[in-house]
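Quick note on labels: first sequence line is chain A, next is B, and so on, each numbered from 1.
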There are 2 protein chains.
Amino acid sequence: MAADHTRTAIITAAERLYAERGFADVTMRDIVAAADVNLAAVNYHFGSKDELIAELFVTRSLATNRERLRELKAAEEAGDGRADIHAIFAALVGPTLRGCLGPEKQRSDAARFMIRASIESVPPIRKIKNREVDHLKRFAAAMRRSLPDQDPADIFWALHFALAMAHQTIRDSERLTRMSDGLCDLNDVQAITDRVVAVAVMALTGRAARAPAKEPAKTKARA
Amino acid sequence: MAADHTRTAIITAAERLYAERGFADVTMRDIVAAADVNLAAVNYHFGSKDELIAELFVTRSLATNRERLRELKAAEEAGDGRADIHAIFAALVGPTLRGCLGPEKQRSDAARFMIRASIESVPPIRKIKNREVDHLKRFAAAMRRSLPDQDPADIFWALHFALAMAHQTIRDSERLTRMSDGLCDLNDVQAITDRVVAVAVMALTGRAARAPAKEPAKTKARA
DNA sequence: TTGCATTTCAAACGCGTGTATGAAACTATC
DNA sequence: GATAGTTTCATACACGCGTTTGAAATGCAA
């Protein structure tokens, strides 16, 4: 119904403002001003500020995970159950990278909101975030199917590094641009994705190049 | 003089609290309670909360950079001006990793404070942070000396990725532990450093494994 | 001790925040 | 068109924040 107009306006405005300026700097008065609704509307429709944030996060989290898994599934089907490892990483970092970088026009507030959420870690979100681990485990499982002989720990490390690289590239693209005097092209999202994926794959499979540990290092007793 | 006792107590307490809980959650009342001094002492000795944060950041930033550059210099001297690329990356990420991970007992509030500062990006810090770019450029220069034939853009990307991996490992070590069900050992700091360095080096030198771009991609017109 | 500058202290101020209130406006059903 | 339920609105409340204040305490030279 059109009765949801106020609700929708709040969600849209809040997501955009949070994406742009972070949770700390955006007040409820900012949100209702941007949404052109009354101050009390947020509490009426969502209960509290925290519940608004939680709802935004849950909605977007599900959507992001859905898209990632859709790409993952397509990759696995293309490989008869064993996806190409590049495709797995691409499914992991591609959606977020595309939503946060690239031409201004096609960036999504949704993706940038999720990055904010992963950075600022505000209380209402922190409690929900635990499920993300389960989501990532599905990618780890796909990677293990793709490379059955790989050391499981290396799989988790590579997954962790892939997210780290994608994440930081989004967060700190400005520093990279300034550091490289514009040499690193932040507009070619496909090239960035390819680069992150390539490094992640090397992190996983290119162990030959890794410097050997000086000593066996204390192996965590497991018996 | 002993007259600095209050000042010192505030700095110590603030650094610890900020490192543990972040800027957003720590109030001046928390700080003065932990330091066991009067509320007005912060404003008397530092002027304002922001100036306290700025002083903490500047002090620690200089110290961190100094240690990094000390290791870098040692590496360059060991190689007669051309440091081994592994050593350069180790100088970049080693100090911070050692200060933030590893046995509880030897973690430093200083290193963890710097990580907080790089995460939360509170106004008083944001203004100072620009100098970090100059600091990183010195590492990029060392890398170029180490590998003169390397594509400059790749050098910046590898530097960026190295920081990303180290940074995220510190920030989100808990997620990695949970995701891997404890398989990834976060206590062996040396092994972690070696791993990050190895991947960073592969990101820089192992380009053969990278998937070729589908098309030339729009080259940013520079003329 | 006296006198003056420095430092500490309890208390309060002003401001911005999220939230609550109760009346007014709107919507839909009979 | 009267009525009950829903939604909007202006306004106010309570609270926590960083900061200020002015007096008391302390340090220190003469």
Side-chain angles (χ1 to χ4, degrees), chain A residues 1-58 113 116-117 120-128, chain B residues 1-58 113 116-117 120-128:
Chain A
M1 299 302 167
D4 294 351
H5 167 257
T6 300
R7 235 186 105 90
T8 307
I10 291 172
I11 289 178
T12 306
E15 191 165 54
R16 199 194 80 233
L17 289 178
Y18 283 144
E20 286 173 357
R21 293 160 39 192
F23 297 105
D25 288 353
V26 176
T27 72
M28 307 203 58
R29 285 166 175 82
D30 292 333
I31 295 172
V32 298
D36 198 34
V37 301
N38 187 269
L39 174 58
V42 174
N43 291 279
Y44 178 79
H45 286 281
F46 297 91
S48 68
K49 181 191 183 181
D50 281 6
E51 288 173 272
L52 166 62
I53 293 177
E55 176 167 333
L56 285 174
F57 181 73
V58 168
F113 171 86
R116 281 289 181 192
E120 296 200 9
S121 187
V122 68
I125 288 183
R126 209 173 310 157
K127 297 166 188 166
I128 311 172
Chain B
M1 299 300 166
D4 293 352
H5 167 258
T6 300
R7 236 187 104 90
T8 308
I10 291 172
I11 289 178
T12 306
E15 191 165 53
R16 198 193 82 233
L17 289 178
Y18 283 143
E20 286 174 355
R21 293 160 40 192
F23 296 105
D25 287 353
V26 175
T27 72
M28 306 203 59
R29 286 168 174 84
D30 291 332
I31 295 172
V32 299
D36 199 32
V37 301
N38 187 268
L39 174 60
V42 174
N43 291 280
Y44 178 80
H45 285 283
F46 297 89
S48 69
K49 181 192 184 182
D50 281 6
E51 288 173 272
L52 166 62
I53 293 177
E55 177 166 332
L56 284 174
F57 181 73
V58 168
F113 171 85
R116 283 288 183 190
E120 296 201 10
S121 186
V122 70
I125 288 182
R126 210 172 309 158
K127 296 168 188 168
I128 311 171

Atom pair distance, as rounded to whole Å: OH in A:Tyr44 and P in D:dC9: 13 Å
Counterpart residues, side-chain hydrogen bond (donor to acceptor under 3.5 Å, both in side chains), relative to B:Glu55 (two or more places apart): B:Arg7
side-chain N/O B:Thr6 vs C:dT8 OP1/OP2, d < 4.0 Å: yes
Distance in angstrom units between A:Phe46 CZ and C:dT19 P, rounded: 13 Å
Minimum side-chain heavy-atom gap A:Val122-A:Pro124 below 4.5 Å: yes
Nearest-angstrom distance from the residue atom CZ of B:Arg7 to C1' of C:dT8: 16 Å
Rounded distance in Å - NZ (A:Lys49) to P (D:dC15): 19 Å
B:Val32 and B:Ile10: CA distance, side-chain angles, deciding distance, side-chain contact (heavy atoms from CB on, under 4.5 Å) verdict: CA-CA 7 Å; B:Val32 299; B:Ile10 291 172; 5.6 Å; no
Minimum heavy-atom distance A:Val26-A:Lys49, with the two atoms named: O-NZ, 3.6 Å
B:Tyr44/B:Asn38 under side-chain contact (heavy atoms from CB on, under 4.5 Å): CA gap, chis, key distance, verdict: CA-CA 10 Å; B:Tyr44 178 80; B:Asn38 187 268; over 6 Å; no
Set out, line by line, the N/O atom pairs under 3.5 Å between protein and nucleotides 23-25 of chain D.
none

Check residues 17-24 of chain A and write down every donor-acceptor pair under 3.5 Å in which the side-chain atom is one partner and the other belongs to a residue at least two apart or another chain.
unit_1	atom_1	unit_2	atom_2	d
A:Arg21	NH2	A:Asp25	O	3.1
A:Arg21	NH2	A:Asp30	OD2	3.1

side-chain hydrogen bond (donor to acceptor under 3.5 Å, both in side chains) partners of B:Ser48, counting only residues at least two apart: B:Glu51
Closest heavy-atom pair and its distance - A:Ile53, A:Phe113: O-CZ, 4.3 Å
Atom pair distance, as rounded to whole Å: CG in B:Asp4 and P in C:dT7: 8 Å
Interatomic distance where CG belongs to B:Asp50 and P belongs to D:dC17 [whole Å]: 15 Å
Nucleic acid contacts - residues 21-42 of chain B versus DNA chain D, non-hydrogen atoms under 4.0 Å: B:Thr27, B:Met28, B:Arg29, B:Leu39, B:Ala40
Contacts of type side-chain hydrogen bond (donor to acceptor under 3.5 Å, both in side chains), residue A:Arg29, not counting sequence neighbours: none
Spacing between A:His5 atom NE2 and C:dC26 atom C1', to the nearest angstrom: 15 Å
C:dT8 OP1/OP2 closer than 4.0 Å to side-chain N/O of B:His45: yes
Rounded distance (Å) that lies between atom P of C:dC13 and atom CG of B:Asn43: 17 Å
